[in-house]
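Below is one structure, written out as structure tokens, with a few remarks after it.
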Amino acid sequence: MPKAGRYHEGVPCWVVLTTPDLPRAQRFYGALFDWGFVPTGPAEAVATRYGAQVAAIAATTAAGTPEGAREPGAAAASGAPDAAWTTYLACADLPHTAALVRAAGGRIVREPYEVPDQGHAALAVDPLGAVFGLWRAGAIDGAGLVDEPGAFAWNEHRSPAPDTARDFYRRVFGYGYDRPAAGSTVFRVDGRPAGGIGPAGTGAPAWLTHFATADADRAAALVRALGGTVLTGPGPTPSGRAALVRDDAGALFTLIGVPPGESAAAA
């Protein structure tokens, strides 16, 4: 089972769901990914698989703001969907990275704060309006399990203006890019693939989390059975068989078929 080590600057290291109904989300994702949950506050929990932390879930109020902020990403930007996944990017110096975000045309919507016994976090919005988080590791580096069924395997920024996104994240994190193919780009950190930036037609700019599953078709059918929605697929992609779905509260994510032990980035 792959276990993540210390994440390099700019690498997606953690994902957090904000949702109106925490027990409902736990039922959905517990059934879909076989997650267990460890409460970390009155309205927050860490999702685990094989005992390793893979994501966090935090409840939101009716106004879309978090009831708590213990876990990275428990804050939601004003106007964000009531249910949404947020991707967190690793950084070594939060105040410095926050300054780079502002200098590159982004905004910090939650200033750096301490997550007790874990690390420090902040929440940002890029110039296109996509929400993302910053995470400075303390005792916790981020997800303890990746690229395995039931854990995230890939994170991709999608927007109608991928060139603007590429420029922003290059200025903030120093990303290198593969030559675009049909408008999509793999960004690299220290020469290794770390995520993607690509077009999204007229859709709202956002980071999209891809969760690995051993069987994308079976997982998509389970999403429907659990009250979620399959928007596209399952169908073949360069990284494996995939489906774009929403959970039963409307949070968007991708299911990607990744056999155990095989990374989506290398597929």
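Remember, predicted model here, so these are calculated numbers, not experimental data.
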For L145 versus A151, what's the shortest heavy-atom pair and its separation?
O-CB, 3.3 Å
Please list all pairs meeting salt bridge (Lys or Arg N to Asp or Glu O under 4.0 Å) that have one or both residues in residues 193-217, counting only residues at least two apart or in different chains.
D217-R241
Could you walk me through whether T48 and V38 pass the side chain to side chain contact (heavy atoms under 4.5 Å, CB included) check?
CA-CA 8 Å; T48 63; V38 178; 4.1 Å; yes
Aromatic rings F211 and F33: how do their planes relate, parallel, tilted or perpendicular, breaks at 30° and 60°?
tilted
Quick one: are I108 and R102 in side-chain contact, heavy atoms under 4.5 Å?
yes
So, do T164 and S159 sit near enough that their side-chain heavy atoms are less than 4.5 Å apart?
no
Under 4.5 Å between any side-chain heavy atoms of F253 and L17, yes or no?
no
Hey, are the side chains of F173 and T97 touching, using non-hydrogen atoms and a 4.5 Å cut-off?
yes
Does V54 share a hydrophobic cluster with L22, counting links as ILVMFWY side-chain heavy atoms below 4.5 Å and allowing steps through other members?
yes
Roughly how far, to the nearest 0.5 Å, is the OH atom of Y169 from the CZ atom of F187?
9.0 Å
Going from CZ on R158 to CG on L128, what distance comes out if it is rounded to the nearest 0.5 angstrom?
13.0 Å
Can you confirm whether L134 sits close enough to R136 that some side-chain heavy atom of one is under 4.5 Å from a side-chain heavy atom of the other?
no
Correct closest heavy-atom pair for A121 and L94 would be N-CD1, 3.6 Å
If I take atom CD from residue E44 and atom CD1 from residue I57, how far apart are they, to the nearest 0.5 angstrom?
11.5 Å
Apply side chain to side chain contact (heavy atoms under 4.5 Å, CB included) to the pair R49 and D34, showing each step before the final yes or no.
CA-CA 7 Å; R49 177 123 167 109; D34 196 25; 3.3 Å; yes
Heavy-atom side-chain contact between D247 and L32 under 4.5 Å
no
Residue among F152, Y50, Y29, F28 satisfying ring pair (Phe, Tyr, Trp, His ring centres under 6.0 Å) with W35:
Y29
Between P127 and A104 the two heavy atoms that sit nearest each other are CG-O, 3.8 Å
For H157, the side chain to side chain donor-acceptor pair (under 3.5 Å) test, sequence neighbours excluded, returns D126
Side chains of T86 and W14 in contact at under 4.5 Å (non-hydrogen atoms)
no
Chi angles and distances behind the side chain to side chain contact (heavy atoms under 4.5 Å, CB included) call for W135, V115:
CA-CA 10 Å; W135 178 245; V115 181; 3.6 Å; yes
Residues G257 and A216: closest non-hydrogen pair is N-CB, 4.0 Å
From L100 CG over to R171 CZ, what is the distance, rounded to the nearest 0.5 angstrom?
9.0 Å
Is it the case that more than 12 heavy atoms not belonging to R107 sit under 6.0 Å from its CZ atom?
no
Answer yes if L208 and V223 sit in the same cluster of Ile, Leu, Val, Met, Phe, Trp and Tyr residues linked by side chain heavy atoms under 4.5 Å apart, and no otherwise.
no
So, E148 side chain and A212 main chain: donor-acceptor pair closer than 3.5 Å or not?
no
So do the side chains of V131 and V109 get within less than 4.5 Å of each other, counting heavy atoms only?
no
Neighbour count >12 (heavy atoms, 6.0 Å) for atom NE2, H120
yes
Within this structure, what is the OG1-CD distance for the pair T40 and Q53, rounded to the nearest 0.5 Å?
10.0 Å
Joint cluster assignment, W85 & V11, ILVMFWY side-chain distance < 4.5 Å
yes
Atom pair CG (D82) and CG (D21), whose distance is rounded to the nearest 0.5 Å:
11.5 Å
Verdict with reasoning, R170 to Y177, per side chain to side chain contact (heavy atoms under 4.5 Å, CB included):
CA-CA 9 Å; R170 178 188 56 78; Y177 296 108; 4.0 Å; yes
Qualifying residue for side chain to side chain contact (heavy atoms under 4.5 Å, CB included) with Y7, from V189, L89, V146:
V146
